[in-house]
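All remarks here apply to the structure that follows.
The figures here come from the full heavy-atom set of this structure, side chains too, leaving out hydrogens, waters and symmetry mates.
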Amino acid sequence: MPEPTVTSAASAASATAVPAPSAAPLTGLRVLDLATLFAGPLAATMLGDFGAEVIKVEHPTRPDPSRGHGPSKDGVGLWWKLLGRNKHTITLDLSKPAGRTTLLRLAATADVVVENFRPGTLEKWDLGWDELSAVNPRLVLTRVTGFGQFGPYARRPGFGTLAEAMSGFAAMTGEPDAPPTLPPFGLADSIAALATAYAVMTALAARERTGQGQVVDMAIIEPILTVLGPQPLWYDQLGHVQPRTGNRSQNNAPRNTYRTADGTWVAVSTSAQSVAERVMRLVGRPELIDEPWFATGAGRARHCDVLDAAVGGWIARHSRADVLAAFEKAEAAVAPVQDVRDVMSDPQYRALDTVTTVDDPELGPLRMQNVLFRLSATPGAIRWAGRPHGADTEEVLTGLGLTPADVKELREEGVV
């Protein structure tokens, strides 16, 4: 299938043009993306970034809601340009018999299906695992839902916000005397997307040995719990419940954000003992290093008021540029607190080409996050940004063997 447009380099390491699809590591893999908002589609995007042919299947009259999320330009949703990149877009009403038949024909040619309907929805349409695996025993059916395919909450509507609340993330985030804090972006969905892409690749690796596909059951409430660390273990063994501590840590100090003399902010971390000692010397308080409690991260955390006063007081007397330069010279860990304006001009991000430019036929040059990582021999690439709703329907379906007349009839029936 021809690519709609060619975009900028996939990585600074490869440095030149977008690699030919044959060079990408997932070339030859076909993924059907039936999912919406946001974990499932983002997982499919990650696969597409490394060469998989991703076919985005949307309802003919109800497109993926991400097309309307957030700001738009000239009536075109910008979030979709990121989430829909490297995907061919078709429309199909799976609830109609002809839509079911067409989806089964597509599934017979696919390696992976990603869906996030409530449990039982595909089965209601006779498109469950039994039917899909019957037409393609090698298929990996990836089911991404809020709560998983079974259990007392399975059929509830589930979103990342609920996972952020249920997992313990919100309970430990925020200031001690303030309400629990939710992230202002799709944190749980994004973590679940990473986990889903990993799960798909794991299932495909198993298929190489067994020749058989299988079902991936991804519950959005689970990956975020994993990245929160040993919370269940601490509670199980010690009855310990991590409280809200704001920017401070119970495991080390100084660890906080500090305001500079010119009104900006920096973040300091001292997870390593040697770094904590360097920071104290830098801010003119080397005598604190000799305190018995300074020898451990937990001991320092119990004296965070003293350490924050020392570090914060020194930083408050210097500009951000001077703070960063002094910390770098002392080999102490510091970073500016940046908003997106700073990110776009940050020299390290620029060196990595983390935010790259994509040529889009609808909106012209776009700057968006690049692929997740760099491979030296078979790099990923952004081949095109999100395509218009249903842009590739006829090409994909005729590629299955349908004639233009067949596609026209499906359109007249409201199937596509």
Side-chain angles (χ1 to χ4, degrees), residues 35 37-47 49-50 82-83 114 116 142-149 151 153-154 156 158-176 178-203 205 216-253 255-257 267-272 297-298 301 333 335 337-338 343 349 352 354 369-374:
L37 292 180
F38 282 100
L42 182 54
T45 301
M46 294 172 184
L47 299 174
D49 284 349
F50 285 89
L82 175 68
L83 192 63
V114 181
N116 71 337
T142 308
R143 318 195 78 165
V144 186
T145 57
F147 306 106
Q149 295 296 309
Y153 304 164
R156 292 182 182 179
F159 297 99
T161 298
L162 308 187
E164 289 146 11
M166 285 181 59
S167 64
F169 173 85
M172 69 175 73
T173 304
E175 295 298 326
T181 301
L182 295 166
F185 62 98
L187 176 64
D189 276 300
S190 299
I191 295 170
L194 288 161
T196 299
Y198 166 52
V200 166
M201 298 310 298
T202 302
V216 172
D217 179 5
M218 178 61 67
I220 295 172
I221 61 172
E222 291 184 304
I224 188 171
L225 186 59
T226 296
V227 304
L228 289 179
Q231 308 298 321
L233 180 61
W234 285 345
Y235 180 75
D236 175 64
Q237 295 296 304
L238 302 172
H240 175 73
V241 178
Q242 182 167 324
R244 288 192 291 283
T245 57
N247 291 325
R248 288 174 168 176
S249 168
Q250 290 188 311
N251 303 314
N252 64 80
R255 191 262 198 185
N256 213 325
T257 57
V268 172
S269 176
T270 57
S271 296
V337 176
Q338 301 190 147
V343 169
Y349 281 132
L352 296 174
T354 305
Q369 298 96 317
N370 210 332
V371 300
L372 274 175
F373 48 86
R374 285 159 291 281

Qualifying residues under ring-ring contact (aromatic ring centres under 6.0 Å, His included), relative to Phe38, sequence neighbours excluded: His69, Trp79
Backbone N/O of Ala333 and side chain of Ser269: donor-acceptor pair under 3.5 Å: no
Thr196 and its side-chain contact (heavy atoms from CB on, under 4.5 Å) partner, picked from Arg143, Met46, Met218: Met218
Where Leu187 and Glu164 come nearest, the two heavy atoms and their spacing: N-OE2, 3.3 Å
Chi angles and distances behind the side chain to side chain donor-acceptor pair (under 3.5 Å) call for Asn247, Thr257: CA-CA 7 Å; Asn247 291 325; Thr257 57; 3.0 Å; yes
Inter-residue atom distance Leu162.CG - Ser167.OG, 0.5 Å rounding: 10.5 Å
Polar side-chain atom of Arg244 near backbone of Ala171 as donor-acceptor pair, under 3.5 Å: yes
Shortest non-hydrogen separation from Phe147 to Ala219 and the atoms involved: C-CB, 3.6 Å
Distance-only side-chain donor-acceptor flag, Gln242 / Gln231, under 3.5 Å: yes
Contacts of Ala163 that satisfy side chain to side chain contact (heavy atoms under 4.5 Å, CB included) - sequence neighbours left out: Ala188, Ile220, Ile221, Ile224
Backbone of Leu83 reached by a side-chain donor or acceptor of Thr45 within 3.5 Å: yes
Distance-minimising heavy-atom pair for Asn116 and Leu37: ND2-O, 4.0 Å
